[in-house]
Structure formats: C-alpha cells, structure tokens
2 protein chains.
Amino acid sequence: MFSKACEYGIRAVVFIASQSVQSRKVSLKEVAKEIDSPESYTSKILQKLVKSEVILSEKGPTGGFSIDYQKLNSIKLERVVVAIDGDQIFKGCGLGLKQCNANMPCPLHDKFKEVRDKLQNLLETTTVLELAEKIEYGLGFLKR
Amino acid sequence: MFSKACEYGIRAVVFIASQSVQSRKVSLKEVAKEIDSPESYTSKILQKLVKSEVILSEKGPTGGFSIDYQKLNSIKLERVVVAIDGDQIFKGCGLGLKQCNANMPCPLHDKFKEVRDKLQNLLETTTVLELAEKIEYGLGFLKR
DNA sequence: TTAGTATCGGATAATTTTGTCCATTATTAT
DNA sequence: ATAATAATGGACAAAATTATCCGATACTAA
C-alpha cells in the first residue's frame with residue numbers, strides 16, 4: 001500500500017508529535033529506536049519531511065526534530081503521505097492506466113474509486129495529533 | 001497500491017477473459033499489445049497465473065492463453081491479486097508492523113482496517129467475467 | 001517427418017527502492 | 001576559542017522490482 005519509506009515516515013512523524021505535545025525535541029537516534037527503523041535511511045525520510053515543512057529540525061546539541069505546537073492539531077496524515085509517496089496512491093488508476101476517468105475508465109474504475117476515496121478521506125481527516133495521542137495513552141504502538 | 005506486475009496481471013486476465021467468452025485463445029503477443037505492456041515481462045506474469053491455475057495455456061500453433069469457460073464466472077479478482085502480490089495489501093498493517101491487531105494495534109489500525117476491508121471486499125466480490133464484459137461492451141478500457 | 005508456431009524456463013540487465021557511510025555544517029556549552 | 005553534539009548532503013551499496021533475451025520444449029498442420 002504505502003512504500004516502506006512512507007511507513008517509516010508516518011511512524012516517525014507520529015512519534016515526533018507525541019513528544020512535541022510534551023515540548024520535547026527528539027534526535028534521529030531516538031526516532032529510529034522508537035519506530036524500529038534503519039537510522040540512516042530514516043534520516044533521509046526526515047529530511048524530506050523537513051523540506052516539505054511537516055516537521056522542524058534544529059542542529060547542534062539540544063537540537064533535534066519537532067513539530068510546531070501551533071500546527072500540531074491541523075496537520076493531516078495526507079501531508080505526510082504526499083510528501084513521501086505523492087498522491088498516486090489515492091488519485092491514480094488501480095490498473096495503472098495514465099488516463100482513467102469516468103469518460104475513459106478502466107473496468108475497475110467505479111469500484112476502485114470507492115476504495116481510493118475512502119483512503120483519501122481517511123488521510124485528509126486523520127490528524128497526526130490524534131494518532132500521537134494514542135501513543136501517549138498506550139492505545140497504539142509504533143513497533144513490532 | 002498494486003505492483004506493476006499485478007496491474008499488468010489484472011489487465012491481462014481481463015483481456016483473456018473477454019476473449020474466452022467468445023471461445024478465443026490469445027497469444028502472448030496479443031495480450032501485450034492489447035494491454036500495452038512489455039511482452040517478455042508479461043510472459044513471466046502469465047506463467048505465474050498459469051501455475052496458480054487462474055488461466056490455462058496451450059503450446060504450439062493454435063495454442064495460447066485462455067480461461068476455462070466453466071470457471072469464468074466464478075473467478076474473483078482476489079485470486080489474481082493474491083497470485084501475484086500476495087495478500088499483504090488487504091491483510092497487512094498500514095504502517096508496516098508485523099504484529100498489528102486489535103490487541104496490539106498501530107495508531108492507524110481501526111481506520112485503516114476499514115479501507116483494507118473495503119478493498120478486500122471489492123477483490124472478493126468482483127469477478128473477472130464482470131470486468132471482461134465491460135471491455136466487450138466498450139464500457140471499459142485496458143490501455144492509455 | 002519436418003517446418004512453423006507458441007509457451008516455458010533460466011540467465012542476465014536496467015531501474016527503483018531501500019539502506020549505509022562519512023565528511024560537512026550549524027549550534028551549544030564550557 | 002574549543003570541544004561536543006546533532007542534523008545535512010553526497011556518494012555509494014544492497015536488494016527488490018521491472019524488463020529483456022534466448023535456447024528448450026511442446027504442439028500442430030501439412
């Protein structure tokens with residue numbers, strides 16, 4: 001469904017958010033440990049998220065990754081996914097046709113659109129904060 | 001969503017079905033042309049589908065690929081997808097956790113499960129024949 | 001029996017994704 | 001200023017996916 005990079009990305013952002021709620025910055029090392037991901041690869045993914053302004057980063061000691069407290073409850077999962085995987089997953093044709101729409105549909109178009117739309121809706125209505133809170137309350141986990 | 005191989009696979013099966021309805025066998029060349037896919041790669045995918053008994057193949061002149069007329073209306077899309085991509089796409093965790101279930105869920109578990117289930121339902125209730133008929137009647141297309 | 005046709009299977013190559021390593025830059029505390 | 005810390009950026013490597021090629025095999029028709 002999502003690429004591995006995207007899976008790591010979401011998990012990382014949720015963890016960072018769960019710590020930002022408590023005004024804590026986290027290092028790359030912590031992130032990789034908490035979400036059980038390869039450190040260097042995770043670094044690349046976080047850089048992408050920094051560039052697309054989903055997360056903040058500060059260098060030097062006391063530095064680390066965080067999410068702007070103001071933005072915390074407005075960041076939707078959709079932004080994370082699009083930053084890493086693009087929007088093909090919830091916009092593209094299920095059978096890989098470049099041109100597939102109501103006028104010129106693939107045979108799966110109508111049914112598949114329902115799934116896509118449901119996914120898109122999930123991504124556009126789910127906030128990172130909401131997921132982070134599950135982590136805080138021990139109602140959700142980011143590894144295993 | 002689906003791998004490229006799986007996209008080609010579905011398109012190929014739907015085309016083969018649309019011809020089997022008319023008792024026509026089709027060659028690899030025809031398939032690749034009709035679904036606009038690389039011929040040799042498509043060959044590998046068709047071999048997988050033969051081994052998993054989704055389609056039939058006959059060698060020699062007058063040979064080609066086809067689908068058993070008896071089975072035509074009972075073959076679900078799910079079989080094609082599982083034969084090529086496995087079931088991770090509608091069974092696996094959205095965030096890539098190996099262990100993710102109601103007891104030990106990822107923070108996206110509940111919401112994501114709805115999407116997965118919808119996809120699984122789509123794949124389990126949609127028949128290849130149903131899609132093939134759209135092609136026959138010009139209500140669906142397999143390239144562009 | 002032979003020529004022709006079409007799938008099968010194995011080897012190999014190209015591309016993309018995933019993952020690693022290291023020097024550089026920025027920042028902080030001493 | 002200096003040393004320590006943490007992200008950054010670039011090059012590189014491994015693995016998986018996508019794609020190609022070709023000889024072998026099976027079958028048909030004449």
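Numbered from 1 within each chain, the chains take letters A, B, ... in sequence-line order.
- Atom CZ in F2(B) sits roughly 16 Å away from atom P in dT17(D) (whole-Å rounding).
- Within residues 35-45 of chain B, the residues that place at least one heavy atom under 4.0 Å from DNA chain D are, in residue-number order, P38(B), S40(B), Y41(B), K44(B).
- In this structure, K113(B) places its NZ atom where only 12 or fewer heavy-atom neighbours from other residues, nucleotides or ligands lie under 6.0 Å away.
- Using a 4.5 Å heavy-atom threshold, the side chains of L49(B) and I84(B) count as touching.
- Using a 4.5 Å cut-off between side-chain heavy atoms of Ile, Leu, Val, Met, Phe, Trp and Tyr, with links allowed through other members, L95(A) and F112(A) fall into the same hydrophobic cluster.
- Atom C1' of nucleotide dT7(C) and atom NZ of K29(B) are separated by 13 Å, given to the nearest angstrom.
- Atom CD of E39(A) has more than 12 neighbouring heavy atoms from other residues, nucleotides or ligands inside a 6.0 Å radius.
- dA6(D) atom P lies 14 Å from atom NZ of K33(A), rounded to whole Å.
- The shortest side-chain heavy-atom distance between L46(A) and T42(A) falls under the 4.5 Å cut-off.
- Contacts of N73(B) classified as side-chain contact (heavy atoms from CB on, under 4.5 Å), with partners at least two apart in sequence or in another chain: L129(B).
- As judged by a 4.0 angstrom heavy-atom cut-off over every strand, V26(A) is placed among residues touching the sugar-phosphate backbone only.
- DNA chain C lies under 4.0 Å from at least one heavy atom of each of the following residues of residues 60-71 of chain B: G60(B), P61(B), G64(B), F65(B).
- Taking atom CD1 of I84(B) as the reference point, atom P of dT18(D) lies 11 Å away to the nearest angstrom.
- Regarding L46(B), its CG atom lies at a distance of 15 Å from the P atom of dA6(C), rounded to whole Å.
- At least one side-chain nitrogen or oxygen of Y8(A) sits closer than 4.0 Å to the OP1 or OP2 atom of dG19(C).
- K4(A) has its NZ atom 15 Å from the C1' atom of dT16(C), to the nearest Å.
- Contact check, K51(B) against dG9(C): a side-chain N or O comes under 4.0 Å of OP1 or OP2.
- For E124(A), the side-chain contact (heavy atoms from CB on, under 4.5 Å) criterion is met by E78(A), Q120(A), not counting sequence neighbours.
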Pairs under 3.5 Å (N/O, protein and nucleotides 12-16 of chain D):
none

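- For the pair I55(B) CD1 and dC8(C) P, the interatomic distance rounds to 8 Å; values are reported in whole Å.
- Each of K59(A) and A5(B) lies near DNA chain D, and the nucleotide nearest K59(A) is the one positioned closer to the 5' end.
- Atom C1' of nucleotide dT17(C) and atom CE of M1(A) are separated by 19 Å, given to the nearest angstrom.
- Checking side-chain atoms of R11(A) against main-chain N and O of I35(A) turns up a donor-acceptor pair under 3.5 Å.
- If you check every strand for non-hydrogen atoms under 4.0 Å, L28(B) touches sugar and phosphate atoms only.
- Residues that satisfy the side-chain contact (heavy atoms from CB on, under 4.5 Å) test with P38(A), not counting sequence neighbours, are Y8(A), Y41(A).
- Ion pairing of E130(A) with K111(B) is present here, as a side-chain N (NZ or NE/NH1/NH2) and a carboxylate O approach within less than 4.0 Å.
- Between the side chain of R144(A) and the backbone N or O of M104(B) there is no donor-acceptor pair closer than 3.5 Å.
- Listed nucleotides dG9(D), dT18(C), dT18(D) differ in distance to Q47(A); the shortest reach to its side chain belongs to dG9(D).
- Applying the 6.0 Å contact sphere to NZ of K76(A) captures more than 12 heavy atoms from other residues, nucleotides or ligands.
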